[in-house]
Amino acid sequence: EKGGYDYFMLKEIAEQPKAVSDTLLGRIDASGQLHLDEIRIPTGELREVNKIVIVACGTAYHAGMIAKYAIEHWTRIPCETELASEFRYRDPILDSRTLVVAISQSGETMDTLMALRHAREQGARVLAICNTNGSTIPRESDAVLYTHAGPEVAVASTKAFLTQLVACYLVALYLGQVRGTKWGDEIQSVIGQLARIGDDVDAVLETMEPVRELARGLADRDTVLFLGRHVGYPVALEGALKLKELAYMHAEGFAAGELKHGPIALIEDGVPVVVVVPSPRGRSVLHDKIVSNIQEVRARGALTIVIAEQGDESVVPYADHLIRVPATPTLLQPMVATVPLQVFACELATARGNEVDQPRNLAKSVTVE
Ligand code: M6R
């Protein structure tokens, strides 16, 4: 049932292009219009929403962090993303014009379930983004948008994450389309690129052998650091989470702009630092700042592992290892930039002799608070 792969995780990483296409299927038509009537919240109500709050845990929370950038940019609705386990304990401000989005692969995560129950008690509408038909979280929500990743068996979430991102982009673009924003043209063009993003994920998977080799060479290290900015920041957090849970290594993700506020003190000779570089075409200011960060950590001895868009030559002089990903619109880059980090963590876990599909101390679905 592992389809010829040694681990479910490897199989699920490889299934990502299909999972992504399945999640898009029927939701974008030939003329680039989105069809999300299945969520059954009347468009009139969607136009009234004045605040969006995303709640989730772990990897799903990282998808939610990325969604915040997309939602605020394309819809201009204020959006916050919060760890489900923190949410209800701070007495959050919610009312009938708040849309709460609960993201969960399993649909059974107790922290997320308790957060959405709290939100509904306060009168908010809840939309679930979920991979498991008929599970508790969608049953208790007002609306649901299913991801179609298929069953995810490995404890470490991979294909579910990419499909959660797709669902989040669809919601953001749909809200933008329904409400009408000044980004109409950009929304149209991104929808076209989202429709083809499965091919980009496929292209990344084709080029992963050097990443595996790199991982094997780092198997005896204690620490790996990850840096990113904008949507690359949650990607850095996701890369670090994968490494913790699978390789049992100390791994931390930072917003690259925070380096000088503390974390740079951790840099010493030989520490691997993975840097997610945004496109030089989109927010080029951010791109240039992160290239400076790469130079700063390298000058202090770090081993730099750089994930950058095809054709971005500016990073070449500072990258000890360079991982190329296809050019995408800025907000979609996590779809391609996360994949090498999944492969990296999986290979490191294997090299360290760890149980890839069933890491110690972890359960696939966490049904206690
Ligand atoms: O089923 P859920 O998406 O609600 O699960 C949330 C987290 O427990 C989950 O993403 C966890 O962080 C994964 N093991 C990460 O790989």
Side-chain angles (χ1 to χ4, degrees), residues 7-13 15-16 19 23 54-67 81-87 100-117 119 126-141 144-168 226 234-249 251-253 334 338-339 341-349 354-369:
Y7 307 109
F8 280 107
M9 185 179 178
L10 285 172
K11 174 172 177 265
E12 289 161 7
I13 288 173
E15 283 171 348
Q16 292 184 112
T23 302
I54 302 175
V55 291
C57 306
T59 288
Y61 171 70
H62 298 151
M65 285 178 78
I66 293 164
T81 300
E82 183 148 3
L83 289 167
S85 55
E86 289 292 319
F87 180 66
V100 171
V101 181
I103 309 176
S104 173
Q105 188 286 130
S106 61
E108 301 296 345
T109 300
M110 188 55 76
D111 287 314
T112 310
L113 181 61
M114 297 310 278
L116 83 83
R117 281 186 183 156
V126 177
L127 166 66
I129 291 178
C130 185
N131 195 45
T132 311
N133 258 304
S135 55
T136 312
I137 287 172
R139 272 194 282 118
E140 293 206 14
S141 298
V144 55
L145 185 64
Y146 280 108
T147 50
H148 297 303
E152 192 181 63
V153 177
V155 166
S157 188
T158 54
K159 61 177 182 171
F161 176 70
L162 286 206
T163 61
Q164 283 160 356
L165 287 180
V166 168
C168 290
F226 295 77
V235 172
L237 295 179
E238 174 62 6
L241 177 61
K242 283 286 156 294
L243 212 55
K244 283 175 212 167
E245 65 180 336
L246 292 163
Y248 317 149
M249 288 166 88
E252 262 192 272
T338 307
V339 175
L341 302 180
Q342 299 167 342
V343 172
F344 183 68
C346 185
E347 191 69 25
L348 258 165
N354 296 353
E355 178 51 64
V356 171
D357 288 334
Q358 284 289 339
R360 67 186 183 199
N361 309 339
L362 291 173
K364 181 63 183 163
S365 116
V366 185
T367 51
V368 290
E369 252 196 296

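Whatever order the structure lists ligands and atoms in, that order sets their numbers, starting from 1. Being a predicted model, the structure only gives us computed values, none of them experimental.
- Under a 4.0 Å criterion applied to the non-hydrogen atoms of Ser157, ligand 1 contributes the atoms 15 (C), 16 (O).
- Of all protein heavy atoms, the one closest to atom 16 (O) of ligand 1 is Glu245 OE2, 2.4 Å.
- Considering backbone and side-chain atoms together, Val155 places an N or O closer than 3.5 Å to an N or O of ligand 1.
- Glu108 and Thr136 form a side-chain donor-acceptor contact under 3.5 Å, judged by distance and modelled atom types alone.
- When side chains are defined from C-beta on, Cys346 counts as touching Val356, because their heavy atoms get closer than 4.5 Å.
- Of the charged side-chain nitrogens involved, none lies within less than 4.0 Å of a carboxylate oxygen, so that Glu252 and Lys244 do not count as a salt-bridged pair.
- Atoms of ligand 1 found under 4.0 Å from any heavy atom of Ala156 (numbered from 1 in listed order, with element): 16 (O).
- The shortest separation from a heavy atom of Ser365 to ligand 1 is not under 4.0 Å, leaving the residue out of contact.
- Protein heavy atom nearest atom 6 (C) of ligand 1, with residue, atom name and distance: Cys57 O, 3.4 Å.
- Side-chain atoms of Lys159 and Thr147 include no donor-acceptor pair closer than 3.5 Å.
- Protein heavy atom nearest atom 5 (O) of ligand 1, with residue, atom name and distance: Thr109 OG1, 3.5 Å.
- The closest protein non-hydrogen atom to atom 8 (O) of ligand 1 is Val366 CG2, 4.2 Å.
- Contacts of Lys364 with ligand 1, taken as heavy-atom pairs under 4.0 Å, are absent altogether.
- Geometrically, ligand 1 and Gln105 share a nitrogen or oxygen pair separated by less than 3.5 Å.
- Remark: ligand 1 atoms within the under-4.0 Å shell around heavy atoms of Gly58 are 12 (O).
- With Asp357 contributing its side chain and Tyr7 its backbone, the two residues share no donor-acceptor pair below 3.5 Å.
- The structure places OG1 of Thr112 at 10.0 Å from CD of Glu369, a figure rounded to the nearest 0.5 Å.
- Side chains of Gln16 and Gln342: a donor-acceptor N/O pair is present below 3.5 angstrom, by distance only.
- Neither the backbone nor the side chain of Glu108 has any atom closer than 4.0 Å to an atom of ligand 1 (non-hydrogen atoms only).
- Ranking the protein heavy atoms by distance from atom 1 (O) of ligand 1 puts Ser106 OG, 2.6 Å first.
- A donor-acceptor contact closer than 3.5 angstrom links the side chains of Glu152 and Ser157.
- Counting atoms of ligand 1 from 1 in the listed order, those under 4.0 Å from a heavy atom of Lys242 are 15 (C), 16 (O).
- In this structure, the protein non-hydrogen atom closest to atom 9 (C) of ligand 1 is Thr59 N, 4.1 Å.
- A heavy-atom distance below 4.5 Å is not found between the side chains of Leu246 and Leu348.
- Between Thr112 and ligand 1, no N or O atom pair is found at a separation short of 3.5 Å.
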